[in-house]
Amino acid sequence: MDYPRAAAAYFERDARHLARALIGARLVHQLDGEVRVVRIVETEAYRGPTDAASHARVGLTRRTRTLLGPPGRAYVFLVYGMHDCFNVVCKGEGEGHAVLVRAGEPIVGVLPGVRCDGPGRVAKALSITREHDGHDLMEGSLYVSPRPASERVKIGVSARVGVAYAGAMAEKPWRFFDRDSTHVSRPPASAIGLGTR
DNA sequence: CATATGATTCCA
DNA sequence: GGAATCATATGA
């Protein structure tokens with residue numbers, strides 16, 4: 001089983017489209033003598049400075065320089081003083097689009113009993129930390145492998161989690177998940193749209 | 001410089 | 001329900 005790496009074009013699109021495409025894709029991290037692979041089952045799209053829930057709303061700072069940089073990079077930040085969150089920067093340089101990976105299913109190398117449901121847990125299970133902030137997904141040991149064309153996924157859609165402060169933007173249907181996965185970070189009870197890919 | 005708060009998780 | 005825990009943003 002190998003995991004072909006996604007190339008530049010894969011990342012050069014709106015965060016909503018990439019967030020949908022990433023459901024069923026693999027997140028691969030090659031550690032020293034060890035490989036860990038997770039099948040992504042939950043994502044959220046953050047759509048740049050005009051998205052009140054996005055970190056890009058504050059403009060260019062030390063924290064957001066990766067987010068506002070070129071697409072195809074990892075944007076990793078600390079939330080609540082304790083958890084690292086892994087995002088994929090996308091669309092175009094300076095546009096501030098990114099997709100947060102919120103949950104996955106362990107496939108290879110993740111220790112039994114280690115869960116990947118929840119953004120902090122995904123990063124922890126794959127040993128992704130803020131040191132990976134800015135990491136080039138098109139070249140390094142950490143990368144994305146697109147969902148195999150043969151693999152069908154039923155995709156659910158809902159509002160994003162934990163962004164109530166963003167006002168009207170918090171209502172946007174920019175969270176995507178695999179309806180058939182038991183590894184989604186919270187029950188998709190608030191699903192407001194469904195589809196198949 | 002001081003302070004409020006969050007793209008969360010864990011424990012009681 | 002509430003704590004843990006700290007980088008960042010914001011305002012004095």
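The chains referred to below are lettered A, B, ... by the order of the sequence lines, with proteins before strands, and numbering in each begins at 1. All figures in this text were calculated on a predicted structure; none of them were measured in a lab. These values consider heavy atoms only, across backbone and side chains, with no hydrogens, waters or symmetry-generated copies.
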For the residue pair A:His135 and A:Arg73, establish whether any side-chain heavy-atom pair is separated by less than 4.5 Å. no
Can you tell whether the side chains of A:Lys91 and A:Asp14 come within less than 4.0 Å, N to carboxylate O? no
Distance test, side-chain N/O of A:Tyr75 to OP1/OP2 of B:dA7, below 4.0 Å: no
Take the protein atom CG of A:Asp117 and the nucleotide atom C1' of B:dT9, then report the distance between them rounded to whole Å. 11 Å
Any ion pair linking A:Arg26 and A:Glu151 (charged N to carboxylate O, less than 4.0 Å)? yes
Roughly how far apart, to the nearest Å, are C:dA3 and B:dA4 at atom P? 16 Å
Determine the contact category for A:Arg160: base if any of its heavy atoms lies under 4.0 Å from a base atom, sugar-phosphate if only primed atoms, P, OP1 or OP2 are that close, otherwise nothing. nothing
Under 4.0 Å between a Lys/Arg side-chain N and an Asp/Glu carboxylate O for A:Asp178 and A:Arg39? yes
Backbone N/O of A:Tyr75 and side chain of A:Asn87: donor-acceptor pair under 3.5 Å: yes
Any donor-acceptor N/O pair, A:Arg20 side chain to A:His17 backbone, under 3.5 Å: no
Spacing between A:Lys124 atom NZ and B:dT8 atom C1', to the nearest angstrom: 12 Å
Spell out, yes or no, whether A:Tyr80 and A:Val161 are grouped together once hydrophobic residues are joined by side-chain heavy atoms under 4.5 Å, including indirect joins. no
Quick one: NE2 on A:His29 to OG on A:Ser141, what's the gap to the nearest 0.5 Å? 4.0 Å
Name the stems with DNA chain B in them: runs of three or more consecutive Watson-Crick or G-U pairs, distances under 3.5 Å? B:1-6 with C:6-11, B:8-11 with C:1-4
Atom pairs under 3.5 Å: protein N/O with N/O of nucleotides 3-10 of chain C:
residue	atom	partner	partner atom	Å
C:dT5	O2	A:Tyr80	O	2.8
C:dA9	OP1	A:Thr61	OG1	2.7

Could you tell me the separation between the CE atom of A:Met169 and the P atom of B:dG6, rounded to a whole number of Å? 18 Å
A:Asp84 CG to B:dG6 C1': how many Å, rounded? 14 Å
With rounding to whole Å, what would you report as the distance between B:dA2 and C:dT5 at their P atoms? 22 Å
Less than 4.0 angstrom from a charged side-chain N to a carboxylate O is my criterion; do A:Asp133 and A:Arg65 meet it? no
Taking atom C1' in both B:dA7 and C:dG1, what distance in whole Å separates the two? 22 Å
